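Inspection log for the structure reproduced underneath, given as structure tokens.
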Amino acid sequence: MLNPLARAFFGRSVHAVAPDLIGATLLFKGVGGLIVEVEAYHHTDPAAHSFRGPTRRNAVMFGPPGYAYVYRSYGIHWCLNFVCEPPGSASAVLVRAIKPTVGLAAMRRRRGVAEERLLCAGPGRLCEALGITGAHNGLALDAPPFELFARTDAAEITAGPRIGITKAVDEPWRYGLKGSRFLSKPFASPVRPGA
DNA sequence: TGCCCGATTAACT
DNA sequence: GTTAATCGGGCAA
């Protein structure tokens with residue numbers, strides 16, 4: 001059972017939780033950093049894995065909030081989601097990028113990359129750096145090996161269309177820390193008419 | 001069963 | 001700019 005604070009935090013709309021996760025600290029077995037990019041997936045969203053109903057893969061999404069949904073992407077990579085909203089809502093937030101702060105050496109070893117900016121800039125890269133796999137699907141987020149700490153300082157949050165999807169492509173449900181160099185891709189700058 | 005596609009990434013040209 | 005790697009889901013047959 002999740003602690004009441006975590007349940008209250010994740011039990012809200014994905015569109016409330018997602019921006020609140022920007023600037024939060026995520027650690028897995030003591031390795032991780034600051035969340036700088038996430039995407040919201042609601043069960044009514046054609047791009048969501050839960051849109052067509054429960055399967056063995058997405059079962060965790062249909063459970064209570066505050067748990068990790070880890071799935072294999074393109075048969076190769078692992079991607080980490082946080083289940084949100086009341087139980088059965090089947091909505092989740094995809095963690096797309098973090099700024100590495102703790103355990104840099106372990107991340108570099110797992111990734112085989114030295115450049116700090118590329119350690120966790122992308123959902124697949126992030127899971128590889130932290131050592132998260134399908135074996136961790138369904139784990140509670142308020143207990144080891146996970147550690148989550150809410151944002152303490154004010155953060156300037158920006159939003160835009162999600163990446164790598166083909167359905168509901170115009171919905172601005174990607175949230176990020178404005179100007180961070182650890183994003184998987186930059187957010188489009190506002191276009192001024194006549195510029 | 002067979003076929004196509006995907007919430008990706010790295011290594012090509 | 002393009003493409004391969006690789007596997008589960010969804011749908012047609």
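Lettering follows sequence order; numbering is per chain, from 1. Computed from a predicted model, the values in this text were never measured in an experiment.
Taking every nucleotide of DNA chain B with any atom under 4.0 Å from a non-hydrogen atom of chain A, the first and last of them, 5' to 3', are B:dG6 to B:dA10. Bracketed by its first and final contacts, the part of DNA chain C lying under 4.0 Å from non-hydrogen atoms of chain A reaches from C:dA5 to C:dC11 in 5' to 3' order.
Residues satisfying the ring pair (Phe, Tyr, Trp, His ring centres under 6.0 Å) test with A:Phe28, not counting sequence neighbours, are A:His136, A:Phe146. Applying the ring pair (Phe, Tyr, Trp, His ring centres under 6.0 Å) rule to A:Phe10 yields the partners A:Phe82; only residues at least two apart in sequence or on another chain are considered. Under the rule for a ring pair (Phe, Tyr, Trp, His ring centres under 6.0 Å), the partners of A:Tyr71 that lie at least two apart in sequence or sit in another chain are A:His49, A:Tyr69.
When all heavy atoms are compared, the tightest approach of A:Val169 to A:Pro161 is O-CB, 3.5 Å. When all heavy atoms are compared, the tightest approach of A:Ala90 to A:Ser50 is O-OG, 2.6 Å. Residue A:Ile22 comes nearest to A:Ala155 through the heavy atom pair O-CB, 4.5 Å, listed as atom of the first residue, atom of the second, then distance. Across every non-hydrogen atom of A:Thr101 and A:Met107, the tightest pair is N-CE, 4.4 Å. Residue A:Ala68 comes nearest to A:Val60 through the heavy atom pair O-CG1, 3.5 Å, listed as atom of the first residue, atom of the second, then distance.
Separation of the P atoms belonging to B:dC4 and C:dA4 is 15 Å when rounded to the nearest angstrom. Look at the C1' atom in both C:dG8 and B:dA10: the space between them is 22 Å, to the nearest Å. Only the P atoms considered, B:dC5 is 15 Å distant from C:dT3, to the nearest whole Å.
Side-chain atoms of A:Thr25 and A:Ile35, non-hydrogen and from C-beta on, never get closer than 4.5 Å to each other.
At a non-hydrogen distance threshold of 4.0 Å, A:Ile163, A:Gly164, A:Ile165, A:Thr166 from residues 157-179 of chain A come into contact with DNA chain B. The stretch residues 102-125 of chain A comes close to DNA chain B through A:Arg111, A:Gly122, A:Pro123, A:Gly124, A:Arg125, each having a heavy atom under 4.0 Å from the strand. Within residues 77-92 of chain A, the residues that have a heavy atom under 4.0 Å from DNA chain B are, in order of number, A:His77, A:Asn81. Applying a 4.0 Å cut-off to non-hydrogen atoms, the residues of residues 47-58 of chain A that approach DNA chain C are A:Arg52, A:Thr55, A:Arg57, listed by residue number.
For the pair A:Arg110 (side chain) and A:Ala129 (backbone), a donor-acceptor distance under 3.5 Å is present. Side chain of A:Asn58 to main chain of A:Gly53: a donor-acceptor pair is present (N/O by atom type, distance under 3.5 Å, no hydrogens or angles). Side chain of A:Ser91 to backbone of A:His43: a donor-acceptor contact under 3.5 angstrom is found.
Sorted by first and then second residue, the side-chain hydrogen bond (donor to acceptor under 3.5 Å, both in side chains) pairs with a member in residues 124-135 of chain A read A:Arg111-A:Glu128; sequence neighbours excluded.
One side chain, A:His42 or A:Thr44, offers a donor N or O that lies under 3.5 Å from an acceptor on the other.
With side-chain heavy atoms closer than 4.5 Å counting as contact, directly or through intermediates, A:Leu5 stands alone and belongs to no larger hydrophobic cluster.
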For this session: Quick one: do A:Ile165 and A:Tyr41 satisfy side-chain contact (heavy atoms from CB on, under 4.5 Å)? Show the steps, please.
Result: CA-CA 11 Å; A:Ile165 55 171; A:Tyr41 287 88; 3.6 Å; yes
Exercise. Stepwise, does the side-chain contact (heavy atoms from CB on, under 4.5 Å) test hold for A:Leu26 with A:Leu141?
Worked result: CA-CA 10 Å; A:Leu26 166 67; A:Leu141 296 170; 5.9 Å; no
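A salt bridge does not link A:Asp45 with A:Lys167: every distance from a Lys NZ or Arg NE/NH1/NH2 to an Asp or Glu carboxylate oxygen is 4.0 Å or more. With salt bridges taken as basic N to acidic carboxylate O contacts below 4.0 Å, none links A:Arg162 and A:Asp170.
With A:Phe187 as the aromatic partner, A:Arg174 meets the cation-pi criteria of under 6.0 angstrom to the ring centre and within 45 degrees of the ring axis.
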For this session: Taking Watson-Crick and G-U wobble pairs with both distances under 3.5 Å, convert DNA chain B into its dot-bracket string, 5' to 3', dots for unpaired and | for cross-strand pairs.
Result: ||||||.|||||.
